[in-house]
Number of protein chains: 2
Amino acid sequence: MDSDGSIIKALRTKGYRATAQRIAISRYALTSRAHPSARQVYDEVRSTHPTVSLATVYKTLQVLREMGLLQELNFPEGEARFDSYMRPHLHLICRRCGKIIDVEDQAAQDLLNVASRARFTVTGLRVDMYGVCQKCARRNGS
Amino acid sequence: MDSDGSIIKALRTKGYRATAQRIAISRYALTSRAHPSARQVYDEVRSTHPTVSLATVYKTLQVLREMGLLQELNFPEGEARFDSYMRPHLHLICRRCGKIIDVEDQAAQDLLNVASRARFTVTGLRVDMYGVCQKCARRNGS
DNA sequence: ATGCTTGCAAATCCTTTGCATAGTC
DNA sequence: GACTATGCAAAGGATTTGCAAGCAT
């Protein structure tokens, strides 16, 4: 899902038109591992498509969400961030530097099993662990 | 942390004044298991304190958050919900009925161990599993 | 008495929407 | 050509803030 061809195909299959803006926005949003906000996607895409609007970015991100290609992460403060890594995984979110680290681990699968035992059909998973990353702990002590 | 006495003590210990509004808001927010929104807390508290304002509810919920007594849960749509169940646990969030079910399970602890192995110091945990609860699955088929 | 807290209204932030124009299929 | 998507500006919803008056300590 990272080449333009597959993006175009995915859009058309779902009945969406493959415009230049959507392709550029999707390319960045679906390949970035930085969990970008809508504005960060906007800033990035504007370097190649200077006329794109923030509204189009928001609309396209919603389209990608409906297509099941990314997840919107909301936080108590600031903008939502978008995560295109859709396999079950964990987030380590550093309160000092703000970085979101993805961790793939069996523990994520184990969560799905807990749900399944409770007769709950899972369609989406989000795991956030807040704290201090190793780098920040070293830098600032404690 | 559910009697008025302990709420008052907790507030004063942290340097906050124990006003009637704060006590009423805290009592409801810290004992409800319904993961209420700020407005729901407001509506509830107004039944006994008709003059309370929504702004005070928001301010008090932030105070409780700073005190580490509750967690703010943000979602892509609608208001934030507040969760005073602070031990590690999982949320099963039904996309049909909207209910948030708390599940205490070893799997939550296992997540903390994963973080610790990555030399990440965890101070907060949030696990959301979206899907369809048993009740809704029965009712609507699928 | 001091200064934190309240309630009101206005302001703010992020996101969505309406609509005329442009572009895709 | 029909119909969707874009870009702009304006609207929207949730939450926060400024401030005078009211309380807790």
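On a pure distance criterion of 3.5 Å, a polar donor-acceptor pair joins the side chain of A/R17 and the base of D/dC3.
Here D/dC8 is the nucleotide among D/dA5, D/dC8, C/dT15 with the atom lying nearest to any side-chain atom of A/K59. If you check D/dT16, C/dG7, C/dT6 against the side chain of B/V52, the one that comes closest is C/dG7. Considering only the side chain of B/E79, D/dA14 comes nearest among D/dA14, C/dT15, D/dA24. Taking the side chain of B/A55 as heavy atoms from C-beta on, and the options C/dT6, D/dG7, C/dA9, the nearest nucleotide is C/dA9.
Between A/D83 and A/R81 there is no salt bridge, since none of the side-chain N atoms of the basic residue sits less than 4.0 Å from a carboxylate O of the acidic one.
Remark: B/R95 CZ is packed, more than 12 non-hydrogen atoms of other residues, nucleotides or ligands lying under 6.0 Å away.
Residue A/R12 is classed as a sugar-phosphate contact, given heavy-atom separations below 4.0 Å to backbone atoms only. Backbone-only contact: B/A80 has heavy atoms under 4.0 Å from sugar-phosphate atoms and none from a base.
Between B/T19 and C/dC4 there is no side-chain N or O to OP1 or OP2 distance below 4.0 Å. Between C/dG7 and B/Q21, a contact under 4.0 Å exists linking OP1 or OP2 to a side-chain N or O. The side chain of A/T56 places no N or O atom within less than 4.0 Å of a non-bridging phosphate oxygen (OP1 or OP2) of D/dA5. Distances shorter than 4.0 Å separate none of the side-chain N or O atoms of A/T51 from OP1 or OP2 on D/dT6.
The CZ atom of A/F75 sits 14 Å away from the P atom of C/dC14 (whole-angstrom rounding).
Nearer to the 5' terminus of DNA chain D, by closest-nucleotide assignment, is the contact made by B/R39 (compared with the other of B/R39 and B/Y16). Toward the 5′ end of DNA chain D lies the nearest nucleotide of B/N74, the other residue of the pair B/A20 and B/N74 mapping further downstream.
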